[in-house]
Amino acid sequence: TTDTAAALRAQGVDCVNLDASTGTDLTPYDLIHTLNVWSPVSCAALLRSARKHAKPVVLSSIFLNLSERGLYNAAIPAVLAGPPEAISDRLNHLRQDPNPPLPGFDLPAYHESLRALFALTDHVILLSEHERAELSAIGINPPNATVVRNPVDHAAFAGGDPELFR
């Protein structure tokens, strides 16, 4: 992101943000670090270009498990739509099929595209061991991976109510 690049430059690291969709010439760069696999199409374009230019690639995947996308994109909004007195009936129906498919989204093809992306990397940065397990569940086990947890400014959240997160 722009903030990440600015922070790195402030530390003396020469870096730039690249837009994978512009077909940027990667020749002048020593290393390509891409953040996020979404969209797989633009991420793949950048990784293939990096490989073409023999550049080492680091991927911070920020993996999204989209297996429940049908639930949060379609089913839950449907439960909340319509007359309030029928919510209980709609919830009971949802309990019978807790993970409905999302029309027009091919989850196996998405997972296959991610396996192809990860095969193009030299190193992967993960946010957690949970992310590693989620990737492993779809057949992605990068041999060179490091977990780097996102930092939290504890002072900024000192007054927060932990009960909200239970």
Side-chain angles (χ1 to χ4, degrees), residues 1-22 24 26 28-51 53-77 98-102 105-166:
T1 67
T2 302
D3 292 343
T4 301
L8 287 168
R9 282 192 293 276
Q11 296 294 317
V13 177
D14 184 23
C15 66
V16 296
N17 280 337
L18 300 175
D19 181 350
S21 65
T22 63
T24 304
L26 301 179
Y29 305 109
D30 298 325
L31 171 85
I32 306 302
H33 179 193
T34 185
L35 298 170
N36 204 335
V37 295
W38 196 260
S39 101
V41 173
S42 63
C43 186
L46 180 60
L47 296 181
R48 281 193 301 273
S49 180
R51 283 289 168 239
H53 289 89
K55 302 298 179 181
V57 173
V58 175
L59 170 64
S60 293
S61 63
I62 312 173
F63 172 67
L64 298 173
N65 180 348
L66 298 178
S67 64
E68 295 180 345
R69 188 172 183 205
L71 180 65
Y72 61 78
N73 269 14
I76 291 176
N99 195 14
L102 185 63
F105 186 76
D106 185 347
L107 193 60
Y110 170 65
H111 290 167
E112 181 57 37
S113 69
L114 292 181
R115 286 188 285 275
L117 290 178
F118 280 81
L120 294 170
T121 66
D122 295 295
H123 196 86
V124 176
I125 297 174
L126 305 168
L127 296 175
S128 66
E129 290 299 332
H130 177 78
E131 181 180 16
R132 186 189 309 265
E134 291 279 329
L135 289 167
S136 182
I138 62 169
I140 299 172
N141 297 291
N144 297 312
T146 303
V147 173
V148 178
R149 291 171 179 77
N150 281 334
V152 174
D153 181 354
H154 295 281
F157 297 99
D161 181 1
E163 290 302 314
L164 296 172
F165 299 95
R166 297 192 197 282

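Owing to the predicted nature of the structure, the values given are computational and were not obtained by experimental measurement. Just so you know, these numbers use all the heavy atoms, side chains as well, and skip hydrogens, waters and symmetry mates. Counting begins at 1 with the first residue of the sequence.
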(message) Under a 3.5 Å distance rule, please check whether Arg9 uses its side chain to pair with a backbone N or O of Cys15 as donor and acceptor.
(response) yes
(request) List the atom of Ser60, the atom of His33, and the distance in Å for their closest heavy-atom pair. (result) OG-NE2, 2.7 Å
(message) For a quick test of reading the model, state the closest non-hydrogen atom pair linking Arg115 to Gly139 and the distance between them.
(response) CD-O, 3.9 Å
(message) Which residue in the set Leu59, Leu35, Asn36 passes side chain to side chain contact (heavy atoms under 4.5 Å, CB included) when paired with Cys43?
(response) Leu59
(message) Looking at every non-hydrogen atom in both residues, tell me the closest pair between Leu126 and Arg132 and how far apart they are.
(response) CD1-CB, 3.7 Å
(message) If you compare all heavy atoms of Ile125 against all heavy atoms of Val58, which two are closest, and at what distance to 0.1 Å?
(response) CD1-CG1, 3.7 Å
(request) Pick out which of Leu26, Ile32, Val57 makes a side chain to side chain contact (heavy atoms under 4.5 Å, CB included) with Ser49. (result) Leu26
(request) Please examine the side chains of Asp122 and Arg51, heavy atoms only from C-beta on, and report whether any two atoms are closer than 4.5 Å. (result) yes
(request) Report yes if some heavy atom in the side chain of Ser61 is under 4.5 Å from a heavy atom in the side chain of Leu135; otherwise report no. (result) yes
(message) Using modelled atom types and a 3.5 Å cut-off, is there a donor and acceptor pairing between side-chain atoms of Arg48 and backbone atoms of Leu120?
(response) no
(request) Classify the ring geometry between His111 and Phe63 as parallel (under 30°), tilted (30 to 60°) or perpendicular (over 60°). (result) tilted
(message) Working to the nearest 0.5 angstrom, can you tell me the gap between Leu114 CG and Ile138 CD1?
(response) 5.0 Å
(message) Just checking Asp14: does its CG atom have more than 12 heavy atoms from other residues, nucleotides or ligands closer to it than 6.0 angstrom?
(response) no
